There are 2 protein chains.
Amino acid sequence: MAKERVTVIDIARAAGVSKSTVSLVLQGSSLVNEATRAKVNAVIRDLGYVYNRSAANLRQAKSKIIGIVVNDLTNSFFAELAVGVDAVVQSAGFVQFLANTGEKRERQREVIASMREHGVSGLIISPARGTDAADLAPLVESGIPVVLVVRDIAGAGVSSLISDNRAGALAAVRHLVARGHRRIAFLGGFADTAVFEARMRGYRDALREAGLHAEDKLVIGSAPSRAGGVTAIEQAMMLEDRPTAALCFNDAVAFGVCDGLRARRLEPGADFAVIGFDDVIEAKTAVPALTTVSVDPQGMGERAAELLLKQIKAGRAEPEAIVSPVRLVIRQSCGAAVERKVKEVSS
Amino acid sequence: MAKERVTVIDIARAAGVSKSTVSLVLQGSSLVNEATRAKVNAVIRDLGYVYNRSAANLRQAKSKIIGIVVNDLTNSFFAELAVGVDAVVQSAGFVQFLANTGEKRERQREVIASMREHGVSGLIISPARGTDAADLAPLVESGIPVVLVVRDIAGAGVSSLISDNRAGALAAVRHLVARGHRRIAFLGGFADTAVFEARMRGYRDALREAGLHAEDKLVIGSAPSRAGGVTAIEQAMMLEDRPTAALCFNDAVAFGVCDGLRARRLEPGADFAVIGFDDVIEAKTAVPALTTVSVDPQGMGERAAELLLKQIKAGRAEPEAIVSPVRLVIRQSCGAAVERKVKEVSS
DNA sequence: CTGTTAGCGCTTTCAA
DNA sequence: TTGAAAGCGCTAACAG
């Protein structure tokens, strides 16, 4: 070990060919004689050669790496998203450079800069809260393909892939209405995101459509977490005119709502209907008792990666805005986890 | 956009200095006059210069990037681990290259190779199931610092950081015994991992210590998932002599066990005691009603990164094996989520 | 404190 | 099909 670094030139010498022949072999070129190739490969193995991508990237001025930056890797939605991206990126012969911003714009700036320095050929970004078009401007101007996921940014001028939050909320509330609920709460989340806004819009539209009045009291914001859900449902239960059902901002909130209901000896699903957007916890660990509005994060990641690769291949393409359909998943009893996909909805 | 790439030479020209002065400025060297530095920096900004790390890495034969490879990013335990690593790696001025193997050894080989090609200065690996010392041999021989986390590999000859699974199981079972339980099941997990083995050892040791017989029937393996937990508890409840408590292989299993109990109208915690290792779902979304054996994945990631950085700095250090303590967390009632840390345990 | 010079390891014309 | 030579953008001596 700690032997001198072996380079193409060493392996060329050992194989009795020239540098460039070795290079061709490395690239899997068909311009090289089968026997030569075999010999070169043998020597490569024997000498324990490791390819130096820095050199190759420098020379070629490109990198075969694509970056993905997520706002919260701790949230399994985004971890799944990254896994989805990785799957397609990898099979296209790229490697993935993943960074987590933890919702911090400053950190986001840094990681994007770092990725540019590393010469990524494209970037998938799930932006930190509060990111605006100006944050992305230098990146976008540099001409490197970018696709935004989950959260769109007005005026950024890049492709985006977001789930159809309005349609999901609409379908959820319609479902509740069809089951006879008249007092339906919207619990959890903060009003300053586009996602919240879209879900709220679907909620209100469905109520209006059913001829129900959307009461402000029934909209209770909270942290989009389990603890937030507990708080929100407690507040809801203090109302004179209690709701009988709730659409929750996400599944973490929905879990908290269930906790809060159980604390009051109410069985979620039976005594009080709960629907949550399936953002945080993927289907396989979700609470079976709940009905959820689901988006498949891996699938979303795959689609985002495909879109990005397309743009990389195309050189410079028109930005596209894609809404990814969501589905309402009705889960029956606890434990049995019988599911029925009711429908795919898309506005 | 699509302007010619601007290089140090351009900025040198524009600033009226030489290449090397620019280079020094880029590296924050103190050898350069304040006025010159300011001017150079201004030009850098004006021209929209982006540093080319491929070139720098090539020249310096090193990279300021550290790799982390995890076996299952979909599992939030590992996502958290990665976040912990990132935090320290970042503040040390490195960037993180994260790859997911999805428990596939072949994929693991590829990503490790890829990272080597990119010239990472160190690697943190949570190995895919079934990884052996031979898989890691080429990497280890190359002399680049490696630290293994979560799963150790016998004979690999590198540092490792694993949590004290035996001590955790021991503490959990002691707790149950102290509360009067005599028939304690071990539910979930597959017997082919070192982690399973260690937890099982702690379980058996605690039973022996309490003078209880470890019945084979009370050990019920299953997939380490929510669904697996449902299956396992159902099987347990079919026994003639039912258990009154269970130690679950991980928290996903514990959730499933709770589902299964509720399906039988038993309240977890009240009618049947459930303890799970807190592997999958981090504390903030964990079921408050459960008592858990917790390892803090972020903390573990941080420690692993610190260890790695130490080794990188030291050049070549002795491998160290560290066991990370776990703690038994007693959670009280549902919703209120009152917790009390009973103690840190370490064998 | 700043400029000159010589490569890092690879790819890529262009000839042979 | 293979070889020779040039150079990607940067840094590291070494002079000045």
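Computed from a predicted model, the values in this text were never measured in an experiment. Hydrogens, waters and symmetry mates are skipped; everything else that's a heavy atom, side chains included, is used. Residue numbering restarts at 1 for every chain, and letters A, B, ... go by the order of the sequence lines.
- The distance between atom CG of Asn52(A) and atom P of dC10(C), rounded to the nearest whole Å, is 5 Å.
- In this structure, the separation between OH on Tyr51(B) and CD on Glu117(A) is 7.5 Å, given to the nearest 0.5 Å.
- Here dG9(C) presents its C1' atom at 13 Å from CZ of Arg13(A), a figure rounded to the nearest Å.
- The shortest non-hydrogen separation linking Leu58(A) to Ser54(B) is N-CB, 3.9 Å.
- Across all their heavy atoms, Ala82(A) and Leu98(A) have their closest contact at CB-CD1, 3.2 Å.
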Inset, instruction - Assess whether side chain to side chain donor-acceptor pair (under 3.5 Å) is satisfied between Thr193(A) and Arg129(A), documenting all intermediate values. - result: CA-CA 8 Å; Thr193(A) 65; Arg129(A) 195 169 296 141; over 6 Å; no
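- Comparing Leu58(B) and Ser18(B), the nucleotide of DNA chain C nearest to each residue sits closer to the 5' end for Ser18(B).
- Closest non-hydrogen pair, Gln311(B) versus Val146(B), comes out as NE2-O, 4.1 Å.
- Among residue pairs with one or both ends in residues 96-115 of chain A, those qualifying as side chain to side chain donor-acceptor pair (under 3.5 Å) are Asn71(A)-Glu103(A), Glu103(A)-Arg151(A), Arg105(A)-Asp135(A), Glu106(A)-Arg109(A), Arg107(A)-Glu110(A), Arg107(A)-Gln90(B), Gln108(A)-Thr131(A); sequence neighbours excluded.
- Gly119(A) approaches Ser63(A) most closely through the heavy-atom pair O-OG, 2.6 Å.
- Of all nucleotides in DNA chain D having an atom under 4.0 Å from a heavy atom of chain A, the first and last in 5' to 3' order are dT1(D) to dG9(D).
- In the region residues 20-29 of chain B, proximity to DNA chain C at under 4.0 angstrom, judged on heavy atoms, holds for Ser20(B), Thr21(B).
- Within the 4.0 angstrom heavy-atom criterion, no nucleotide atom of any strand lies near Ala61(B).
- Between Asn52(B) and Arg5(B), the closest side-chain pair of non-hydrogen atoms falls below 4.5 Å.
- For the pair Lys64(A) NZ and dC10(C) C1', the interatomic distance rounds to 17 Å; values are reported in whole Å.
- Atoms CG and OG, from Leu148(A) and Ser160(A) in turn, are 6.5 Å apart once rounded to the nearest 0.5 Å.
- Counting all heavy atoms, side chain and backbone alike, Val89(A) lies closest to Ala305(A) at CG2-CB, 4.2 Å.
- Rounded to an integer number of Å, the gap from NZ of Lys19(B) to P of dA6(C) is 12 Å.
- At whole-Å resolution of the value, CZ in Arg59(B) and P in dT5(C) are 16 Å apart.
- Scanning all heavy atoms of the two residues, the minimum distance from Asp132(A) to Ile153(A) falls at C-CG2, 3.8 Å.
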Please set out all donor-acceptor pairs under 3.5 angstrom arising from side-chain atoms of residues 40-50 of chain B, sequence neighbours excluded.
| unit_1 | atom_1 | unit_2 | atom_2 | d |
| --- | --- | --- | --- | --- |
| Asn41(B) | ND2 | Arg37(B) | O | 3.4 |

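- Each end of the helix from dC1(C)-dG16(D) to dA16(C)-dT1(D) yields a helix axis from five base pairs, and these two axes differ in direction by 30° (to the nearest 10 degrees).
- Near DNA chain D, meaning a heavy atom under 4.0 Å away, the residues from residues 32-39 of chain A are Val32(A), Asn33(A), Thr36(A).
- Glu320(A) and Lys310(A) are joined by a salt bridge, as a carboxylate oxygen and a charged side-chain nitrogen come within less than 4.0 angstrom of each other.
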